[in-house]
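Before any comments, here is the structure.
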Amino acid sequence: MTTSVSESASGRQPRRRTPRSAPSRPPTRRDSRRPAESALRAAAHRARERQPPYWFARRLLLVLSGQCPVHTLLGYATDETYERLGALAPAAPLRPRGTDRTAPAVLEARGTQIRPGVIEAFARIATGHRQRAMAFRLEHGHNRWRCTALELDLAP
């Protein structure tokens with residue numbers, strides 16, 4: 001009996017591996033081992049909201065656009081900053097002007113920790129068709145962050 005070169009010692013031909021194609025699934029079905037995209041986006045949103053610069057930017061925006069009263073930041077601002085907020089809030093400087101009355105939103109809020117317990121932060125705010133800027137300083141003390149300084153861009 002003659003054996004060809006392609007036959008193995010047992011007399012069988014070796015199995016050739018062919019690449020497997022992915023199993024076909026209906027388009028609405030997803031891999032259950034990975035979280036859904038919506039769950040990942042929601043988790044990222046919650047993580048962003050817990051960061052002190054974003055949290056304060058959102059609260060300051062609510063006050064300076066006239067959506068919340070100034071006293072909502074009573075325990076989160078120093079006396080000097082609270083007085084400044086009290087002076088700015090009646091004019092609602094971050095309220096959209098003109099015909100566009102969409103609610104203002106925080107587009108971006110970031111901060112730099114210049115030393116332990118002190119963050120200098122900025123926020124980009126969308127007010128209607130315009131973007132505005134806000135800078136503030138946060139200091140950690142008595143188990144909470146407090147806003148110690150606030151500056152707004154010069155609006156015409």
Side-chain angles (χ1 to χ4, degrees), residues 17-156:
R17 294 188 182 245
T18 58
R20 286 183 154 177
S21 60
S24 61
R25 296 184 186 140
T28 58
R29 198 166 168 200
R30 66 175 186 81
D31 186 3
S32 62
R33 293 171 292 186
R34 281 193 70 233
E37 289 298 318
S38 60
L40 293 173
R41 280 192 307 273
H45 183 71
R46 285 190 303 272
R48 180 179 70 168
E49 285 187 347
R50 285 191 298 265
Q51 295 174 353
Y54 185 84
W55 190 90
F56 272 92
R58 179 79 179 116
R59 295 325 178 268
L60 290 167
L61 171 63
L62 290 172
V63 169
L64 295 173
S65 64
Q67 297 178 54
C68 284
V70 178
H71 72 265
T72 57
L73 288 173
L74 185 59
Y76 297 99
T78 59
D79 293 339
E80 182 181 311
T81 307
Y82 187 76
E83 288 176 17
R84 179 155 168 72
L85 281 168
L88 288 171
L94 296 181
R95 180 180 294 150
R97 305 290 183 219
T99 58
D100 187 9
R101 294 297 179 185
T102 56
V106 176
L107 299 176
E108 178 182 20
R110 294 187 186 187
T112 302
Q113 190 163 2
I114 56 173
R115 64 176 185 260
V118 178
I119 297 175
E120 288 189 350
F122 76 93
R124 281 188 316 121
I125 310 292
T127 59
H129 297 294
R130 298 187 58 211
Q131 287 191 15
R132 306 281 308 271
M134 176 172 40
F136 50 98
R137 183 182 180 109
L138 304 174
E139 294 184 13
H140 194 267
H142 305 291
N143 295 325
R144 72 169 55 176
W145 288 98
R146 297 180 72 191
C147 185
T148 59
L150 171 67
E151 289 297 323
L152 297 176
D153 64 345
L154 299 174

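All values derive from a computational prediction rather than experimental measurement. Values below: all heavy atoms of this structure, side chains included; hydrogens, waters and symmetry mates excluded.
For the atom pair Glu83 CD and Thr78 OG1, the distance stands at 9.0 Å (nearest 0.5 Å). Taking CG from Leu64 and CG from Leu85, the interatomic distance works out to 5.5 Å, rounded to the nearest 0.5 Å. Note that CG of Leu61 and CD1 of Ile125 are 5.0 Å apart. Values are rounded to the nearest 0.5 Å. Rounding to the nearest 0.5 Å places CG of Asp79 at 9.0 Å from CG of Leu74. With rounding to the nearest 0.5 angstrom, the OG1 atom of Thr148 is 7.0 Å from the CG atom of Leu138. With rounding to the nearest 0.5 angstrom, the CD1 atom of Ile119 is 9.0 Å from the CD atom of Gln51.
A search for side-chain contact (heavy atoms from CB on, under 4.5 Å) contacts involving Arg101 returns Arg95, not counting sequence neighbours. Contacts of Gln131 classified as side-chain contact (heavy atoms from CB on, under 4.5 Å), with partners at least two apart in sequence or in another chain: Leu107, Arg124.
The ring-ring contact (aromatic ring centres under 6.0 Å, His included) analysis of residues 63-98, with sequence neighbours excluded, yields the pairs Trp55-Tyr76.
Taking a cutoff of 4.0 Å between a charged side-chain nitrogen and a carboxylate oxygen, Arg137 and Glu120 qualify as a salt bridge.
Taking a 6.0 Å sphere around CZ of Arg59, one finds it holds more than 12 heavy atoms contributed by other residues, nucleotides or ligands.
Under the 3.5 Å distance criterion, the side-chain polar atoms of Arg84 are matched with a main-chain donor or acceptor of Leu150.
Between Phe136 and Thr81, the closest side-chain pair of non-hydrogen atoms is not below 4.5 Å.
Gln67 and Ser65 share a side-chain donor-acceptor pair at under 3.5 Å.
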